[in-house]
Amino acid sequence: MADPQAVIPTKTDARRHHDPSVRGFASDNYAGVHPEVLAAVALANDGHQVAYGEDAYTEHLQRVMHSHFGSSAEAFPVFNGTGANVTALQALTDRWGAVICAETAHINVDEGGAPERMGGLKLLTVPTPDGKLTPELIDRQAWGWEDEHRAMPQVVSLAQNTELGTVYTPDEIRAIVEHAHARNMKVHLDGARIANAAASLNVPMRAFTNAVGVDVISYGGTKNGMMFGEAVVVLNPDAVSHMKHLRKLSMQLASKMRFVSVQLEALLTKDLWLRNARHANAMAQRLADGVRGVDGVEILYPVQANAVFARLPHDVSVRLQKRFRFYFWDEAAGDVRWMCSFDTTEDDVDAFLQALKEEMTR
């Protein structure tokens with residue numbers, strides 16, 4: 001019988017295909033994986049573990065989630081944020097149900113129509129000045145429950161922090177939850193950057209989730225230092241139905257789930273999630289402080305997390321994009337978005353500010 005060790009290569013043939021010195025401000029998804037997360041993945045790699053979530057790491061993750069979100073919380077690891085949102089919203093709605101969200105919400109503008117096409121959900125959008133819903137704004141769409149000609153509003157979905165980088169206070173979310181529940185609607189929180197919001201508010205994540213009555217969270221880890229993976233965290237078991245089946249149906253059930261779960265464990269067991277978020281937020285504040293001193297550049301929204309939205313001449317942005325990668329938010333208006341991540345350095349920010357000043361004076 002052949003020695004099984006003989007087929008294991010002693011070195012990798014993989015090669016680096018990018019220049020690691022290239023930095024950008026396009027997205028916190030551009031960042032690599034935090035070394036502590038990589039170490040956790042390597043730790044979980046030895047030996048065999050039961051597939052599809054019946055492994056020791058996914059079991060332990062439940063206890064970790066309890067420490068953050070209470071004893072009733074149950075985590076369902078998934079592959080990505082869109083998958084988390086679509087799976088969570090399906091679990092909260094009937095086939096005839098609709099979801100109220102901000103017009104700028106990620107589920108509306110950045111998920112390729114997945115909630116509608118894959119989840120069969122109707123999105124009822126509301127324009128907002130800063131990306132944040134209020135009870136009064138929700139009521140623009142919260143009506144017609146008995147009208148068979150209209151999709152039934154069943155869920156309010158809010159993002160913390162929002163797509164515009166703004167952050168809800170716990171009291172603001174409590175008011176939304178109480179308003180929604182009084183109308184027999186459930187509340188979903190898109191937490192792709194939930195750690196950044198908690199760091200900005202300087203409160204535990206529970207302060208604006210289970211403590212104020214949120215029913216389900218899409219918990220984000222990829223933007224906070226993970227390689228891949230998020231989790232649907234059910235805070236109110238009575239609000240959902242058939243989560244396990246919906247995760248599989250939505251193609252979000254990982255066979256080797258331990259490698260998602262151990263990354264979440266690495267973030268959440270101690271304070272890595274908070275360290276990473278605080279650093280990203282601090283770099284965004286450094287960037288915003290520097291931008292405020294540049295004539296002709298306007299910051300559009302309060303910088304409360306790790307995003308800076310600005311308006312500047314279009315031609316300047318085009319030239320600057322050749323030096324640092326970032327995206328237009330509204331190209332016609334000249335609006336751009338600059339994102340900071342856990343590995344953004346002060347030197348990165350200072351180099352970008354210097355380049356911005358140079359391009360503004362050309």
Side-chain angles (χ1 to χ4, degrees), residues 18-32 80-82 85 101-114 125 127-131 159-167 190 192-193 196-197 220 222-226 228 230 276-277 279-281 283-288 290-292 294 296-345 348-360 362:
H18 77 290
D19 180 356
S21 68
V22 173
R23 314 291 287 180
F25 293 84
S27 172
D28 32 12
N29 286 325
Y30 279 40
N80 54 51
T82 297
N85 285 336
C101 64
E103 195 172 62
T104 53
H106 198 274
I107 59 174
N108 185 48
V109 299
D110 280 311
E111 295 189 345
T125 64
T128 70
D130 56 2
Q160 176 76 315
N161 41 271
T162 74
E163 282 298 288
L164 300 182
T166 52
V167 175
D190 180 350
R193 297 185 177 95
N196 300 93
T222 305
K223 293 176 171 62
N224 195 30
M226 284 173 48
F228 65 92
E230 321 281 285
N276 286 353
H279 178 80
N281 290 2
M283 292 302 98
Q285 287 295 336
R286 184 183 184 91
L287 177 57
V291 166
R292 290 188 183 99
V294 180
V297 182
E298 175 189 1
I299 293 179
L300 298 174
Y301 307 106
V303 179
Q304 297 177 331
N306 62 324
V308 179
F309 290 81
R311 180 173 295 161
L312 61 158
H314 184 275
D315 60 324
V316 172
S317 290
V318 171
R319 293 197 303 269
L320 192 57
Q321 283 177 324
K322 296 177 182 178
R323 303 172 67 172
F324 291 88
R325 186 76 181 261
F326 61 89
Y327 292 117
F328 279 102
W329 190 254
D330 181 343
E331 189 166 3
D335 299 351
V336 298
R337 186 190 73 169
W338 298 320
M339 296 297 304
C340 296
S341 61
F342 79 89
D343 66 348
T344 301
T345 67
D348 293 337
V349 173
D350 294 345
F352 181 80
L353 288 169
Q354 181 61 36
L356 172 63
K357 293 172 184 177
E358 291 170 1
E359 296 301 340
M360 285 295 293
R362 279 184 57 178

For this session: First locate atom CG of Asp28, then atom CG of Asp343, and finally report the distance between them rounded to the nearest 0.5 Å.
Result: 10.0 Å
Exercise. Is there a side-chain contact between Phe328 and Ser317 (heavy atoms, below 4.5 Å)?
Worked result: yes
For this session: Please check if the side chain of Arg319 supplies one atom and the backbone of Glu359 the other of a donor-acceptor pair under 3.5 Å.
Result: yes
Problem set entry | Side chains of Val336 and Leu312 in contact at under 4.5 Å (non-hydrogen atoms) | yes
Exercise. Any sub-3.5 Å donor-acceptor pair from Thr128's side-chain atoms to Ala102's backbone N or O?
Worked result: no
For this session: Please report the closest heavy-atom contact between His279 and Ser341, naming both atoms and the distance.
Result: CD2-O, 3.8 Å
Exercise. Going from SG on Cys340 to CG on Asn306, what distance comes out if it is rounded to the nearest 0.5 angstrom?
Worked result: 7.0 Å
For this session: Report the C-alpha separation of Glu111 and Asn85 in whole Å, then their side-chain angles, then the decisive distance to 0.1 Å, and conclude whether the side chain to side chain donor-acceptor pair (under 3.5 Å) test is met.
Result: CA-CA 9 Å; Glu111 295 189 345; Asn85 285 336; 2.9 Å; yes
Problem set entry | 4.5 Å side-chain heavy-atom contact, Lys223 and Met339 | no
Seminar exercise, completed: Those residues at least two apart in sequence (or on a different chain) that pass side chain to side chain contact (heavy atoms under 4.5 Å, CB included) with Phe342 are Ala31, His34, Asn276
For this session: Identify, with sequence neighbours excluded, every residue that meets side chain to side chain contact (heavy atoms under 4.5 Å, CB included) alongside Ala333.
Result: Arg311, Asp330, Asp335
Exercise. If you measure from OG1 on Thr162 to NE2 on His106, what distance do you get to the nearest 0.5 Å?
Worked result: 12.0 Å
For this session: Evaluate the side-chain proximity of Phe326 to Gln321: yes if any heavy-atom separation is below 4.5 Å, no if none is.
Result: yes
Exercise. Hey, what do you get for CZ (Phe352) to CZ (Arg23), rounding to the nearest 0.5 Å?
Worked result: 13.5 Å
Exercise. Considering all heavy atoms of both residues, which atom of Val308 and which atom of Ala284 are nearest to each other, and what is their separation?
Worked result: CG2-O, 3.5 Å
Problem set entry | Asn224 versus Ala277, closest heavy-atom pair with distance | OD1-N, 3.6 Å
Problem set entry | Euclidean distance, Leu287 CG relative to Arg292 CZ, rounded to 0.5 Å | 9.5 Å
Exercise. Which heavy atom in Ala288 sits nearest to a heavy atom in Ile299, and how many Å separate them?
Worked result: O-CD1, 3.6 Å
Exercise. Do the side chains of Thr344 and Val349 get nearer than 4.5 Å, heavy atoms only?
Worked result: yes
For this session: Starting at CE of Met360, measure out to CZ of Arg362 and round the result to the nearest 0.5 Å.
Result: 12.5 Å
For this session: Could you tell me whether a side-chain N or O of Gln304 sits under 3.5 Å from a main-chain N or O of Val167, the two making a donor and an acceptor?
Result: yes
Problem set entry | Which residues share a ring pair (Phe, Tyr, Trp, His ring centres under 6.0 Å) with Phe309, sequence neighbours left out | Tyr301, Trp329
Exercise. Any donor and acceptor pair, going by atom type alone, linking the side chain of Glu230 with main-chain N or O of Ala192 inside 3.5 Å?
Worked result: no
Exercise. Do the non-hydrogen side-chain atoms of Asn80 and Thr222 ever get within less than 4.5 Å of each other?
Worked result: no
Problem set entry | Where Ala307 and Gly165 come nearest, the two heavy atoms and their spacing | CB-CA, 4.4 Å
For this session: Before giving the answer on ring pair (Phe, Tyr, Trp, His ring centres under 6.0 Å), spell out for Phe324 and Trp338 the whole-Å C-alpha distance, their side-chain angles and the decisive distance to 0.1 Å.
Result: CA-CA 10 Å; Phe324 291 88; Trp338 298 320; over 10 Å; no
For this session: Write down the atom of Asn196, the atom of Ala305, and the distance for their closest heavy-atom approach.
Result: CB-CB, 4.1 Å
